[in-house]
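One structure below.
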Amino acid sequence: MSQIIRSVSDLKNEIYKVKAANTSIGLVPTMGALHQGHLSLVQMSKNQYDVTVATIFVNPAQFNNKEDLLKYPKTEASDIKMLISMGCDIIFVPTAAEIYGEEPLVKLNFGYLENILEGKHRQGHFNGVGLIVMKFFGLVQPTGAYFGQKDLQQFRVISTLVRDFDLSINLHLAPIIREVSGLAMSSRNLKLSKTDQKKAAAIYASLELAKNQLLSGGKKEVVLKNAINHLGSKSGLKLEYFEIVDAETLKEKTTVNEGDRLALCAAAIIAGVRLIDNIIIEL
Ligand code: AMP
């Protein structure tokens, strides 16, 4: 049976019991407004670990834009229902006051990752991500934790935490779950009209276009230009970036060569909603 826990002290008590029974724990952090992408992570965790803990917490520390935080979709009751029906063992739903009763003094800086892609466009975002993930790692003491490829740079940031702090946690990167149109599922899609959701599918289409051109030997500059033109031709869609980077380091590639593992990453704003997506390919 699922347990819904709202306080840090109740969570600590429960984790203490789970740990005493020598049980493995899988953690799935989310910000709620759950969709099939989130649920796929929960399913993977259930397949791999004895106990699955999902968190629902819209983390104020990772929002660099106050308006974005205020309009972030909240569907707590149906989220909890979905997690219960999946058989998620522990559902942790704290308030911001519960988590940040004491304002953290620690600041995390992820070096060059701060100056590229999402880091460059969302100042302070990864400090907020790092803080909440470290808190959840500390509270839940998971054996493994699941993150989606959709937030690829977030995964690199969390891998950096695990490496630099020698954390004994298995990190799992889960594939992107998409709508039939190709649009990556995202809680933020709830804020878009059906028409804008259709328009937003152009992001994935442009990534696919770039992928196919790169796989058939296209030059990086030409491929980028074509992808950007494709997106530019969609009215109401504002491209923030489209980049071809190394899939591991996420550093920009000046040239692309056979054998390269690349991530094609894009961010665009539609009707005031910021969406990101990516594809990983091997040449
Ligand atoms: P969020 O609630 O947006 O913070 O996402 C929680 C976790 O779900 C993160 O690890 C995301 O990368 C992952 N996630 C979000 N969207 C998708 C998706 N479409 N497919 C797979 N995982 C996803």
Side-chain angles (χ1 to χ4, degrees), residues 26-48 52-65 68-69 71-76 78-80 82-83 86 88 91-94 96 99 117-118 122 125-137 140 142 144-162 169-192 197 200-201 203-204 207 247 250 263 265-268 273-280:
L27 171 67
V28 182
T30 84
M31 297 206 297
L34 299 185
H35 49 66
Q36 291 303 318
H38 296 115
L39 300 186
S40 73
L41 307 190
V42 173
Q43 191 55 56
M44 281 181 225
S45 171
K46 282 182 61 72
N47 294 345
Q48 180 97 21
T52 290
V53 180
T55 63
I56 301 175
F57 180 59
V58 182
N59 175 32
Q62 73 187 66
F63 282 81
N64 52 323
N65 178 331
D68 191 23
L69 170 62
K71 70 178 191 198
Y72 198 83
K74 289 170 195 74
T75 58
E76 187 188 301
S78 71
D79 292 346
I80 290 176
M82 282 190 215
L83 290 172
M86 290 210 56
C88 180
I91 305 167
F92 183 48
V93 199
I99 292 293
L117 304 167
E118 291 300 286
R122 302 185 71 186
H125 171 63
F126 288 127
N127 171 56
V129 169
L131 282 175
I132 195 63
V133 169
M134 283 301 272
K135 275 179 174 285
F136 288 155
F137 282 174
V140 177
Y146 289 81
F147 299 92
Q149 185 195 311
K150 188 166 90 63
D151 300 280
L152 183 60
Q153 194 173 4
Q154 169 176 280
F155 189 76
R156 297 291 172 243
V157 157
I158 294 161
S159 306
T160 304
L161 285 174
V162 166
I169 298 172
N170 306 317
L171 292 185
H172 304 273
L173 181 65
I176 303 175
I177 306 295
R178 300 180 178 282
E179 304 287 354
V180 179
S181 67
L183 174 65
M185 287 193 185
S186 164
S187 307
R188 293 169 192 269
N189 295 349
L190 286 177
K191 293 284 173 189
L192 292 175
Q197 286 191 19
I203 302 171
Y204 179 65
L207 290 168
L250 304 184
C265 303
V273 177
R274 188 173 181 281
L275 300 174
I276 57 171
D277 198 355
N278 68 80
I279 297 186
I280 294 178

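Predicted model only: the values in this text are computed from it and were never measured. Whatever order the structure lists ligands and atoms in, that order sets their numbers, starting from 1.
The side chain to side chain contact (heavy atoms under 4.5 Å, CB included) with Gln149 is formed by just one residue from the set Ile279, Ile176, Asp277, Ile177; it is Ile176.
Arg122 pairs by the salt bridge (Lys or Arg N to Asp or Glu O under 4.0 Å) definition with Asp68, not counting sequence neighbours. For Ser181, the side chain to side chain donor-acceptor pair (under 3.5 Å) criterion is met by no residue, not counting sequence neighbours.
Listed by chain and number, residues touching ligand 1 at under 4.0 Å (heavy atoms only) are Pro29, Thr30, Met31, His35, Gly37, His38, Leu41, Tyr72, Phe147, Gly148, Lys150, Asp151, Gln154, Pro175, Ile176, Ile177, Met185.
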Side chains of residues 33-40: which donor-acceptor partners sit under 3.5 Å, not counting sequence neighbours?
unit_1 : atom_1 : unit_2 : atom_2 : d
His35  : ND1    : Gly37  : N      : 3.0
His38  : ND1    : His35  : N      : 3.0
Ser40  : OG     : Gly37  : O      : 2.6

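One finds no salt bridge joining Arg156 and Glu118 here, because no Lys/Arg side-chain nitrogen approaches an Asp/Glu carboxylate oxygen to under 4.0 Å.
Judged by distance alone, with hydrogens and angles left aside, the side-chain atoms of His125 form a donor-acceptor pair with the main-chain N or O of Gln62 at under 3.5 Å.
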